[in-house]
Amino acid sequence: MDTLYLRRRITNAFALALGTAATLFGLAFLAWILWATLRQGIAALDWKLFTKITAYGDQGGLSNAMVGSLIINLIGIAVATPIGVLAGTWLAEYANRTRLGESIRFLNDILLSAPSIVMGLFVYTIIVLPSTVLTHGNTTFSGFAGGVALALIALPVIVRTTDEMLRLVPSTLREAALSLGVPQWKLTSQILLRAARSGIVTGVLLALARISGETAPLLFTAFGNNFMTLNPLDKMSSLPQVIYQYANDPGDTLHALAWAGAFVVTLFVLLLSLTSRLLLSRKVSHD
């Protein structure tokens with residue numbers, strides 16, 4: 001018995017040491033990336049970054065890319081949120097413990113890890129190419145197509161989060177409402193969704209953070225634009241696309257602009273992540 005106990009203690013200590021080492025290894029690289037982005041990005045920050053467009057090259061800024069990213073991300077999250085919330089609600093309340101529901105959950109988990117460039121190629125095939133043919137080349141790449149591609153990336157995140165948050169709501173709440181004669185649709189819309197609201201909003205914010213740094217799908221959909229545009233049917237610039245373009249340029253000035261853009265994107269994602277964590281912690285504390 002003593003030998004078995006000692007062997008288990010040694011195995012446990014060894015596994016704990018490996019887990020701790022792996023965690024520290026990952027955190028060290030994350031801290032290194034954040035420090036490099038912070039140091040290079042802050043050094044490149046300038047007022048013209050927010051006032052000039054990329055058409056000026058190394059004398060310009062990133063204002064059109066920031067506005068384009070905002071528009072494309074808003075389109076993506078506006079398309080994905082209602083569909084994702086409705087699909088997650090259906091999975092949790094109407095298809096829970098059914099074979100169809102489990103199959104959809106499995107497919108949704110596959111989409112969670114699908115390469116983003118595949119989404120870009122898919123939207124290029126179903127939106128960009130047909131719009132080019134139908135408009136005789138007047139509308140090709142567009143911010144709207146980029147938003148749809150980002151929506152396809154955000155959708156599985158929102159579906160999974162909504163599903164999980166609704167399934168965490170105690171079943172006694174459902175039983176109490178149904179025993180009072182509350183219809184299923186009213187129970188779902190006015191009680192369950194309100195109870196899971198903080199978690200669902202957290203999932204939407206995490207999905208927005210997930211799509212904010214995507215580059216590959218936008219290369220096939222929004223394409224890029226060196227000038228300011230607010231029309232989602234035009235080619236539209238975005239921060240990830242400009243960062244990718246400037247990082248491949250041999251000029252040091254454009255490299256500095258790329259670092260500045262990376263810093264802005266990183267800061268935006270960190271703020272979204274902190275906000276989502278704050279909302280989730282408030283929900284847990286209230287519960």
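Count residues from 1 along the sequence.
- Residues in residues 41-67 take part in no ring pair (Phe, Tyr, Trp, His ring centres under 6.0 Å) pair, two or more places apart or across chains.
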- [ ] Go through T161 and E164 one step at a time and tell me if the side chain to side chain contact (heavy atoms under 4.5 Å, CB included) criterion holds.
- [x] CA-CA 5 Å; T161 306; E164 293 293 336; 5.9 Å; no

Scan the side chains in residues 257-273 for donor-acceptor partners under 3.5 Å anywhere in the protein, sequence neighbours excluded, and list what turns up.
residue : atom : partner : partner atom : Å
T266    : OG1  : A262    : O            : 2.7
S273    : OG   : V269    : O            : 2.9

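- Linking Ile, Leu, Val, Met, Phe, Trp and Tyr residues whenever their side-chain heavy atoms come within less than 4.5 Å places I153 and V85 in a single cluster.
- Residue pairs meeting the side-chain hydrogen bond (donor to acceptor under 3.5 Å, both in side chains) criterion with at least one member in residues 61-86, sequence neighbours excluded: T54-N64.
- Transitive grouping of hydrophobic side chains (ILVMFWY, heavy atoms separated by less than 4.5 Å) brings I83 and I127 into a common cluster.
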Result block: side-chain N/O donor-acceptor pairs under 3.5 angstrom for residues 12-31, not counting sequence neighbours:
residue : atom : partner : partner atom : Å
T20     : OG1  : L16     : O            : 2.8
T23     : OG1  : G19     : O            : 2.8

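- I158 has its side chain out of reach of I200: every pair of non-hydrogen atoms, C-beta onward, lies at least 4.5 Å apart.
- Connection of L121 to V118 is established within a shared hydrophobic cluster, with ILVMFWY side chains joined at heavy-atom distances below 4.5 Å, either directly or through further cluster members.
- Not a single donor-acceptor pair under 3.5 Å links the side chain of D58 to the backbone N or O of L254.
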- [ ] Assess whether side chain to side chain contact (heavy atoms under 4.5 Å, CB included) is satisfied between L150 and L218, documenting all intermediate values.
- [x] CA-CA 8 Å; L150 295 185; L218 300 182; 4.2 Å; yes

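- Residue F227 places its CZ atom among 12 or fewer non-hydrogen atoms of other residues, nucleotides or ligands, all under 6.0 Å distant.
- Sequence neighbours left out, not one pair with a member in residues 24-50 passes salt bridge (charged side-chain N to carboxylate O under 4.0 Å, His left out).
- Sequence neighbours left out, the pairs with a member in residues 186-226 that pass ring pair (Phe, Tyr, Trp, His ring centres under 6.0 Å) are F141-F223.
- Criterion: ILVMFWY side-chain heavy atoms under 4.5 Å apart, direct or through other members. Under it, V67 and I211 are part of a common hydrophobic cluster.
- The shortest non-hydrogen separation linking G84 to T162 is O-OG1, 4.2 Å.
- Considering all non-hydrogen atoms of both residues, L208 and S212 come closest at O-OG, 2.6 Å.
- Between atom CG of residue L6 and atom OG1 of residue T11 there is a gap of 9.0 Å, rounded to the nearest 0.5 Å.
- If you chain together hydrophobic residues whose side chains sit under 4.5 Å apart, V159 and L100 fall into the same group.
- The side-chain contact (heavy atoms from CB on, under 4.5 Å) search around P130 returns none, not counting sequence neighbours.
- For residues 114-133, the set of pairs meeting the side-chain hydrogen bond (donor to acceptor under 3.5 Å, both in side chains) definition, not counting sequence neighbours, comprises S116-E214.
- When all heavy atoms of G143 and I72 are compared, the closest pair comes out as O-CG1, 3.9 Å.
- For R105 and E102, the salt-bridge test passes: some basic side-chain N is under 4.0 Å from an acidic carboxylate O.
- Judged as a salt bridge (charged side-chain N to carboxylate O under 4.0 Å, His left out), not a single pair has a partner in residues 6-31 (not counting sequence neighbours).
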Task: L91/R167 under side chain to side chain contact (heavy atoms under 4.5 Å, CB included): CA gap, chis, key distance, verdict - done: CA-CA 9 Å; L91 283 175; R167 287 200 288 172; over 6 Å; no

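- The salt bridge (charged side-chain N to carboxylate O under 4.0 Å, His left out) contacts involving residues 172-181 comprise E93-R174, where partners must be two or more places apart or lie in separate chains.
- In this view, D109 and R160 satisfy the salt bridge (charged side-chain N to carboxylate O under 4.0 Å, His left out) rule, not counting sequence neighbours.
- For V182 against L187, the heavy-atom pair with the smallest separation is CG1-N, 3.7 Å.
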Pair up each side-chain donor or acceptor in residues 230-243 with any protein partner under 3.5 Å, not counting sequence neighbours, and list the distances.
residue : atom : partner : partner atom : Å
N231    : OD1  : L233    : N            : 3.1
D234    : OD2  : T229    : OG1          : 3.3
Q241    : NE2  : Q245    : OE1          : 3.2

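- Side-chain contact between I191 and K186: absent, with no pair of heavy atoms (C-beta onward) separated by less than 4.5 Å.
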Task: L62 and Y246: CA distance, side-chain angles, deciding distance, side chain to side chain contact (heavy atoms under 4.5 Å, CB included) verdict - done: CA-CA 11 Å; L62 301 174; Y246 284 0; 4.0 Å; yes

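- V169 approaches A196 most closely through the heavy-atom pair CG2-CB, 4.2 Å.
- Side-chain atoms of S113 come within 3.5 Å of backbone N or O of I110 as a donor-acceptor pair.
- The shortest non-hydrogen separation linking T221 to A149 is CG2-CB, 4.1 Å.
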